[in-house]
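In this text, all values refer to a predicted model and were calculated from it rather than measured experimentally. The figures that follow rest on heavy atoms only: side chains count, while hydrogens, waters and symmetry mates do not.
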Amino acid sequence: MKHLYTHSRTIRTAAYTLGASSMALLMLAGCAATTSAPQSKTPSTVTTAPASLPASTLPGYHWQLTRATDAQGRTQSHWQLPAEATSGQSIQLDFSRDGMISVKNLCNQLNGRYTIDGSRMQVDQMVSTLRACSSQALMELERRVATKVPQLASWQVPSSADQAEPVLQLTFKDGTRWELQGEPTPATLYGSEGVREFLEVAPQRERCVGVAPMQCLKVRKVQYDSRGLKTQEGPWELFYSDIQGYRHEAGVRNVLRVQRYERRNVPADASKYVYVLDMVVESEIVKPR
């Protein structure tokens, strides 16, 4: 029997060695001093910060970095993905309901724990999968992000009727800020947490016929026990759907952990289910016979 965590390319994790700066941040505890101003007959103008949506908003969205600024409000461009990276993407932050933060769209996925106290946010040291990438610029960006995220100090999602989707504002200890656009997660879109499944994907696609002839993935369901040991393998079947977030490489066999969601309004000639990649738990290059 194979153990679940035998993946040689993507599953091994190790903490980044970030020195003292990577330790859990001290909570900001300073209070601004106040002084009594003399009374004036001229009414003063009071600036009120916009109300923030609750912290429960964070897990409901994927947060895409759209703008980064320094402490003086000047735009910083060095947080953009390099040109050779996947086009149309940016650094993405995800927050789970059980206190985990993930950073995606880099060379590896970064993970850590976060805690919130009012508008304050604290992130522990990040850990990462250990996959090498051909883009040195992307790997260098990943190292900088792994150091940057634990420096988070505060957060806010201003409530605004003018925006279709929320915008997350993150402030770091040095005064720099990130703005991230919210994109609803599948759980938000489909109104449920979905069903977790493990799918083994064969190394080669096979010809199939849907609305028209096409090349389908070939998959089978896999089950594991509480120790992560494989206990059952289902029959191979042609898979007529896509798996969101998964890009198949010919000649590579993968075991995927996915979330399966049921559509409310099923389009014509579409599956009633939506599959979203959670993680690749096992991978193997298979030589052609």
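Residues Gln64 and Asn105 form a side-chain contact, since some pair of their non-hydrogen atoms from C-beta on lies under 4.5 Å apart. With a 4.5 Å cut-off on side-chain heavy atoms, Gln125 and Pro150 do not count as touching. Val252 places none of its side-chain heavy atoms less than 4.5 Å from the side chain of Pro203. In this structure the side chain of Glu142 reaches within 4.5 angstrom of the side chain of Ser128, judged on heavy atoms. Looking only at side-chain heavy atoms (C-beta outward), Pro166 and Tyr61 come within less than 4.5 Å of each other. Contact of the Phe198 side chain with the Arg257 side chain is registered, since non-hydrogen atoms from C-beta on lie closer than 4.5 Å. Side chains of Ser119 and Gln156 form no contact here, defined as non-hydrogen atoms less than 4.5 Å apart. Here the side chains of Arg67 and Ser90 are not in contact, with every heavy-atom distance at 4.5 Å or above.
Taking CE from Met100 and CG from Asp124, the interatomic distance works out to 9.0 Å, rounded to the nearest 0.5 Å. For the atom pair CH2 (Trp178) and CG (Leu168), the distance works out to 10.5 Å, reported to the nearest 0.5 Å. Here the CZ atom belonging to Arg177 is positioned 4.5 Å from the CD atom belonging to Gln169, to the nearest 0.5 angstrom. Distance CD1/Ile101 to CG/Asn111: 9.5 Å, rounded to 0.5 Å. Taken to the nearest 0.5 Å, the OH atom of Tyr224 stands 5.0 Å off from the CD atom of Glu282. Atom-to-atom distance recorded for Arg120:CZ and Leu152:CG is 14.5 Å, nearest 0.5 angstrom.
Across all their heavy atoms, Pro158 and Val167 have their closest contact at CD-O, 3.4 Å. In terms of heavy atoms, Lys221 sits closest to Leu199 at CG-CD2, 3.8 Å. In terms of heavy atoms, Pro82 sits closest to Ser135 at CG-OG, 4.2 Å.
Put simply, the side chain of Thr176 never gets that close to the backbone of Ala71: no donor and acceptor are under 3.5 Å apart. A donor-acceptor pair is defined here as one N or O able to donate and one able to accept, closer than 3.5 Å; such a pair exists between the side chain of Arg263 and the backbone of Ser271. Panel note: side chain Thr171, backbone Ala153; no donor-acceptor pair is recorded below 3.5 Å. In this structure a side-chain-to-backbone donor-acceptor pair under 3.5 Å is missing from Asn254 to Val201. Counting only distance, with no hydrogens or angles, the side chain of Glu165 and the backbone of Pro184 share no donor-acceptor pair below 3.5 Å.
By the side-chain contact (heavy atoms from CB on, under 4.5 Å) test, Ala55 is found to be paired with Ile116, Trp155, residues two or more places apart in sequence or in another chain being considered. Take Cys133 and apply the side-chain contact (heavy atoms from CB on, under 4.5 Å) test, not counting sequence neighbours, and it matches Cys107, Arg131, Met139. Not counting sequence neighbours, the partners of Glu262 by the salt bridge (charged side-chain N to carboxylate O under 4.0 Å, His left out) test are Lys272. In terms of the salt bridge (charged side-chain N to carboxylate O under 4.0 Å, His left out) criterion, residue partners of Arg196 (sequence neighbours excluded) are, by chain and number, Asp278. When the side-chain contact (heavy atoms from CB on, under 4.5 Å) test is applied to Val103, the partners found at least two apart in sequence or on another chain are Ile91, Leu93, Leu106, Leu110, Met126, Val145, Val149. Taking the side-chain contact (heavy atoms from CB on, under 4.5 Å) definition, one finds that Arg144 meets it with His78, Trp79, Glu140, Leu141, sequence neighbours left out. Asp70 is linked by a salt bridge (charged side-chain N to carboxylate O under 4.0 Å, His left out) to Arg74, counting only residues two or more places apart in sequence or in another chain. Asp98 meets the salt bridge (charged side-chain N to carboxylate O under 4.0 Å, His left out) test with no other residue; sequence neighbours excluded.
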Legend entry - Residues Met214, Cys208; criterion side chain to side chain contact (heavy atoms under 4.5 Å, CB included); working and verdict: CA-CA 5 Å; Met214 57 184 183; Cys208 60; 3.5 Å; yes
Inset, instruction - Quick one: do Val286 and Gln204 satisfy side chain to side chain contact (heavy atoms under 4.5 Å, CB included)? Show the steps, please. - result: CA-CA 9 Å; Val286 179; Gln204 301 296 339; over 6 Å; no
Inset, instruction - Walk me through it: do Thr129 and Gln109 pass the test side-chain hydrogen bond (donor to acceptor under 3.5 Å, both in side chains)? - result: CA-CA 6 Å; Thr129 53; Gln109 179 171 314; over 6 Å; no
Inset, instruction - Kindly determine whether Gln215 and His248 satisfy side chain to side chain contact (heavy atoms under 4.5 Å, CB included), including the steps that lead there. - result: CA-CA 12 Å; Gln215 295 290 316; His248 184 67; over 6 Å; no
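A centroid separation of 6.0 Å or more is found between the aromatic rings of Tyr246 and Tyr275.
Here Tyr261 is tied into one hydrophobic group with Leu189, Tyr190, Val274, Val276, each link being a pair of ILVMFWY side chains closer than 4.5 Å. By the 4.5 Å side-chain criterion applied to Ile, Leu, Val, Met, Phe, Trp and Tyr, Val195 is assigned to no cluster and stands alone.
Residues Leu217 and Tyr240 are members of separate hydrophobic clusters, defined by side-chain heavy-atom contacts under 4.5 angstrom among Ile, Leu, Val, Met, Phe, Trp and Tyr. Tyr273 is connected to Val219 through a chain of hydrophobic side-chain contacts under 4.5 Å among Ile, Leu, Val, Met, Phe, Trp and Tyr, so both are in one cluster. Taken together through direct or relayed side-chain contacts under 4.5 Å among Ile, Leu, Val, Met, Phe, Trp and Tyr, Phe95 and Leu53 form part of one hydrophobic cluster.
Side chain to side chain, Asp174 and Gln151 fail the donor-acceptor criterion of an N or O pair below 3.5 Å. No side-chain donor from either of Thr231 and Gln223 sits under 3.5 Å from a side-chain acceptor of the other.
For residues 101-112, the set of pairs meeting the salt bridge (Lys or Arg N to Asp or Glu O under 4.0 Å) definition, not counting sequence neighbours, comprises Asp94-Lys104. A salt bridge (Lys or Arg N to Asp or Glu O under 4.0 Å) check over residues 203-213, counting only residues at least two apart or in different chains, returns the pairs Glu206-Lys218.
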